[in-house]
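Below is one structure; the comments refer to it alone.
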Amino acid sequence: MADTIAQHKNEKRKKQVKRIWFVFWVMAVVTAIEVLLGIYRPESLTIHKLWNMSLLNWIFVGLTVVKAYYITWAFMHMEDEHTGFRRTITWTITFYVCYIMFVFLVEGDYLYEVMHNDIMIWDF
Amino acid sequence: MDASVAKTGTEGNIWGGGQRPMGASYGKLMMWIFLASDSLTFSGFLAAYGMQRFKFLDIWPIADEVFNEVPFLEGVDLPMIFPAFMTFLLIFSSVTMVLAVNAGKYMDRKKVTLYMSLTILGGFIFLGSQAFEWAGFIKGHHGAVQTHGGKIVQVFNTDGERITLRDIALPMGVERETLERHKGTWFSEERPLPTVSIEEVKAGFQADESLLIRLPNYDENDQKIMLSREESLTFMNNEAADVVEGANLKRNEYGPPLFANFFFFITGFHGFHVSIGLLLLIVTFTNVLLGTYERRGSYEMVEKVGLYWHFVDLVWVFVFTFFYLV
């Protein structure tokens, strides 16, 4: 009986370690893609824009979110926590970050417009 | 005795106390709450950065030109390589940390010791890399010309190579000393003088026919605008005011002052977090070596410090994207 429990535990541990290395390789590949795109900056991705930002930048943001997901879910083992716990942390942050990014970036865009289309001359 | 024991009438309910409604210990829960609030601080920084970047969208420097140095390979243009190395370093130290946490769950002290020492090593190498990056950033590489309006323009030759101002300046035989507080009357002072004066750079620029000026603004193809030789000469004679070398909080040779300010504040704040993380790791590591957690019967402290360490990695993932990639 004790033997089977120990064996079971061992198998579980092996599975967890395997998952950790799997996530490591995902992160490594995603980072490698980011770096390669960052060095070569393919023109087809930089000239096309979506909501005033190039496709390349959107890809970078997307890949970053993928990495953030894996760090929180696998490395910080959010996936093993209670649903309520998980939502308390992630929903709060996600909502707040999206909100503040939206507000600040819209404001920054407005300032850009003012500096370029206003009657004041701007030489900075 | 009844008087000294408070009864709330909620005993047995899930929030009545004595239970863990979130399924996590108090310490772990509070570490998460702290990390949540800390991530709001970082997102505040990054949102402010994004806002200023949108504001100066047309004159923002190109990251690949600023962060292109690799240790032991001075002067070679290698964009992205070093920040990518730092990113891999943090990812790897995250992996060793999570392996240590996992080994702790199975009370495997040997593995915890091994993986934690690797994590600490990775953390120190990361801090050293950041120090290298800061040193290069502060010292500067080529120098730039500042206009009367405060704009930063850079000097290139006709082959499109960046020119170091020190190399083209013609010495004029005029030596001027920086006015420091203890030297002048009335305790007046000025900012440190660049190694070459703007007059020397102007003379050198006039003498070499191959030199051109590149504006910080972008053309319609997203390339920085290169002036013709005639335009460059007029620009140099009318607009050039000072030479800027390296970076500080007031001005820098890369672009708008805010570019350097945000670099210093955000990577500095992150580096501060890494330092604190290392401190916590070393304290916990000492306790692992002493067998404290073995006696306590739980390696949860390693897990809590691990959460903090992963958070530092998480922040770096965003800093990497928004400073070096986008």
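Throughout, a chain's letter reflects where its sequence line sits, starting with A, and its residues are numbered from 1. Computed from a predicted structure; not experimentally measured.
Heavy atoms closer than 4.5 Å to chain A are found in the side chain of B/D64, but not in its backbone. Interface remark: B/K304 contributes no atoms to any contact with chain A (heavy atom separation under 4.5 Å). Heavy atoms closer than 4.5 Å to chain A are found in the side chain of B/F320, but not in its backbone. B/A63 does not touch chain A: none of its heavy atoms, backbone or side chain, sits under 4.5 Å away. The parts of B/L46 that come within reach of chain A are both its backbone and its side chain, each placing non-hydrogen atoms under 4.5 angstrom from that chain. With a 4.5 Å cut-off on non-hydrogen atoms, B/F318 touches chain A through its backbone and its side chain both. Neither the backbone nor the side chain of B/N68 comes within contact range of chain A, judged by heavy atoms closer than 4.5 Å. Of the two parts of B/P79, only the backbone, made up of N, CA, C and O, holds a non-hydrogen atom closer than 4.5 Å to a non-hydrogen atom of chain A.
Ring planes of A/F85 and B/W32: perpendicular class, angle over 60° (limits at 30 and 60°).
If you look at A/Y110 and B/F54, their ring centroids are not closer than 6.0 Å.
For chain B, the option among A/I100, A/V97, A/V35, A/T92 with the highest count of heavy-atom pairs below 4.5 Å is A/V35. Contact count against chain A (heavy-atom pairs under 4.5 Å) is highest for B/M51 among B/E303, B/M51, B/R53, B/K28.
If you check the side chains of A/Q16 and B/Y106, you find a donor sitting under 3.5 Å from an acceptor.
Atoms CZ and CZ, on A/F60 and B/F322 in that order, are 11.0 Å from each other to the nearest 0.5 Å.
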